[in-house]
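See below for the structure under consideration.
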Amino acid sequence: METASKYSPQQIENQWYDYWMKHKFFASTPDERTPYTIVIPPPNVTGVLHMGHMLNNTIQDVLIRKARLQGFNACWVPGTDHASIATEAKVVARLKEQGISKSDLSREEFLAHAWEWKNEYGGVILDQLKKLGCSCDWDRTAFTMDPNLSNSVIKVFVDLFNKGLIYRGNRMVNWDPEALTTLSDEEVIYEEKQGLLYYISYQVAGSDQRLTIATTRPETIFGDTAICVHPEDKRFTHLHGKKAIVPLCGREIPIIADAYVDMEFGTGCLKVTPAHDLNDKALGEKHNLEVIDIFNPNATLNSFGMGYEGMDRFDARKKVSKDLEAQNFLVKTEQHLNKVGTSERTKAVIEPRLSDQWFLKMETLAQPALKAVLEDEEIKLFPKKFENTYRHWMENIRDWNISRQLWWGQQIPAYYFGAGREDFVVAENIETALTLAREKSGNSSLTSQDLRQDEDALDTWFSSWLWPMSVFNGILEPDNEEINYYYPTNDLVTGPDIIFFWVARMVVAGYEFRGEKPFSNVYFTGLVRDAQRRKMSKSLGNSPDALKLIEDYGADGVRVGLLLSSAAGNDLMFDEALCQQGKNFANKIWNGFRLIQSWEVADIPQPESAKTAIEWYSALFNKTVLELEDHFSKYRISDALMATYKLLWENYSSWLLELIKPQYQQAVDRTTKTQVIALMENNLRILHPFMPFLSEDIWQQIKERSPEEALIVNHWPEVSPVDQSDLLAGFEWAKQVVSEVRTIRKEKQIAQKEVLDMFVMHPSNPLLYWTAGIEKLANLTPLQLTQSPIEGALSFRVDAYEYFIPIAGAIDLDAEIAKVTEELAYTKGFLTSVEKKLSNDRFVSNAPEAVIALEKKKQSDAIAKIETLEQSLVYLRG
RNA sequence: GGGCCCUUAGCUCAGCUGGUUCAGAGCACCUGCCUUACAAGCAGGGGGUCACUGGUUCGAACCCAGUAGGGCCCACCA
């Protein structure tokens, strides 16, 4: 059957993915083998595949496929994350399109819409991962709001509450006025923004005196409840204990003194707005100030904003500033650069807001997690530099705000039974809650109707921090077979941007709920950027369509393209040209197979050149597999791929196949064909993690295979422990000889098909290696020995060997002399430097023996070469 | 403001404990080839003051100090 000369991935990829699925090769169940487990970083259920996912999941698939070949029970658990803020925002937007407002719906109605949305659109991303070739155990696909996973979250909440680690507090939180929810500190991004610093004059009550404060937020004057000065600031001593009148609203507020104020900044007078600034809140508590919250949840002014009620905070700022100016309260404005917190999800400017929230105490929980990474090396981070980041966060950890003012997520299992601040209980279900509430209130006539569950949902990360356990139901049934078998997982592959959100918290949860790490290694990928180093983003439109890329270059091509330049932790400059390189590589392998497949076999003896070539390649393959192991053990996936790439392209295709190729239209001997197919099969084994489709396809074309014999479940090549470095070095030397002949052909414009004679001369020990191969590749008549230089011949040298190719009229004597003279001068200089080193006592006494031996070898080689060159020169000069 | 990291060829990066024969790779580039596996290819070639300045050492891309430039993380200065 004719095989196409171009590899076309499109039809092949779907075919093999279906085949693997049909035979359940991705599925894993506990057995006697050692497990190798990866849990996917669950993408947002609303997500679509982008380049970051492609990179991340390609790496996971490489690891899982390699582990599978190595005989581990490989289990890659896929799934999605309910992503409360992002998903709720999408559902709200969709309802809005339908003319429905969230506020018109009950919680149940809204959740019904959300589930409908999830079932319709959610998980598209998982189907996209299949196109990439990801060999996840799809039967295990989990969702962070699946019943078991949600119940795990509730159980953990109750458990932590009962341990006294969860508390409810009125705290200044990061409020997202767009999403109408709280954000954790980690979800706030500070951006430098050029703004104005407003100088506003306040009248001192009962006098003509005035004082001037500087603020970036004039609209918050309605919430002012004090003016603060530094107690040692001489300029303002006379104001201590007096009152000031807030412009526009005319309220009197105390003037207090506190060392918190920076005398250098602004005017040295600070307006204090306890409801809208974290520091002001602290000041307020210290000085017993009134707290006036002037905003509605959507950051419009409320009734405290008087005439500005209903106005957005930024509009109010302009209006207030204008009005202050009109009434001569505004002294001046100055340009001022300040950092503004914005929401990671909605980009809205965060409003510090006081509210009741649930918090998890982190300090003691963090201790085992810190120790596991930094002291015990139970968990290793790749690259290691992230350990510093991890340590810094863990050592300065703050309590985690785990409540969100959203419906989509696990509802906080706190039940209120009265109006008092402490009138609540926490329980896994309402029945237990009722019992507890009756006890706590002393009122045995309470019914479930009297209980009101907290409206808020838990932070999404409060469910995903359990992911490596909850996907195996290890929280609800801590002793089940699956969790005992698969946990702790092996590798986690994720981005450094979620080291705090997710990685660190999973470690915390692992030790707290299971007394064991969640994974052994964490591999941080870099960010995918475009060729101009810009972050890929939807708004820039510089992110290529992932599925289109797969269509154009094949999944294998894209995988190779992504991996080629992604050293761990380094950002990846994505360039489509890399996918083209991947596609070209696939085609190269394809044609390499096409060649051997086309050979007719005959019962003829194996040529010497083929025999030695196969021995050499086997040795090189062996060595490469060892290198691959080393790269993989350090998570240098890119280097592992490059080693495979060079082995297959440069050595297998360009050297081995050329050496064993039969003459045109002639048959190959049986031994060679059998051996090269075995070598090809080995190639496919190491290629498979990177290019699963192509490798499986060729594997199956080599011969008919039963499903159990599929490449995906075959085995990793075994490595011989025999040292074959002499064999490899010998071949490298032969390659040099061949290259030199090719260079001469090119310089002298001698066609490859023209057969040449060649002589070899060595001053002492003319041993000939690899002659058959050299003769074949350089297209030579049998190599001849000579004791003295050949007249009128072109020459070149490799080590102490000198080669002569007699070509009538081709030689330019002066040029030859110049060439040899130059080579001689260089070699002499080199020898001098080596000898200088060797005659240096301090070098000889300090350097390790191996280094000295090496220098001695350099010395003797150089001496031999100089001898050859000098002899040659004498001859050339006649 | 605090902490961490980086600077090696046109580009993207290796370079491990300081020690091979002018410092490596891939891509790009230049030259010659439509040679019967592959032009998505073959063969050959050019290209680097290892950011800069000093120091330690028999020996420095690598260790130390400083300088310049770039990046990341953390932090409540109105």
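Numbers restart at 1 for each chain; the letters A, B, ... are given by sequence-line order, proteins then strands. None of the values given here were measured: they were computed from a predicted structure.
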A:Lys385 side chain near B:C72 phosphate (N/O to OP1/OP2, under 4.0 Å):
no
Any side-chain N or O of A:Arg742 below 4.0 angstrom from OP1/OP2 of B:U35?
no
Kindly point out which of B:A78, B:A14, B:G41 is positioned nearest to the side chain of A:Arg636?
B:A14
Under 4.0 Å: is that the gap between some side-chain N or O of A:Trp649 and OP1 or OP2 of B:A25?
no
Output yes if the stacking criterion (under 5.5 Å between centres, under 30° between planes) is met for A:Trp590 over the base of B:C38, else no.
no
Kindly indicate whether the side chain of A:Asn279 and the base of B:C76 share any N or O donor-acceptor pair separated by less than 3.5 Å?
yes
Any N/O donor-acceptor pair, A:Glu658 side-chain to B:A37 base, under 3.5 Å:
yes
Which nucleotide wins on minimum distance to the side chain of A:Leu657, given the candidates B:A37, B:C22, B:A78?
B:A37
Among B:G44, B:A43, B:C38, which nucleotide has an atom closest to any side-chain atom of A:Asn591?
B:C38
Using a cut-off of less than 4.0 Å, is there contact between a side-chain N or O of A:Tyr652 and OP1 or OP2 of B:A37?
no
A:Phe382 vs A:Tyr635 aromatic rings, parallel, tilted or perpendicular, using cut-offs 30° and 60°?
tilted
Parallel, tilted or perpendicular, as decided by the 30° and 60° cut-offs, for the rings of A:Phe830 and A:Tyr826
parallel
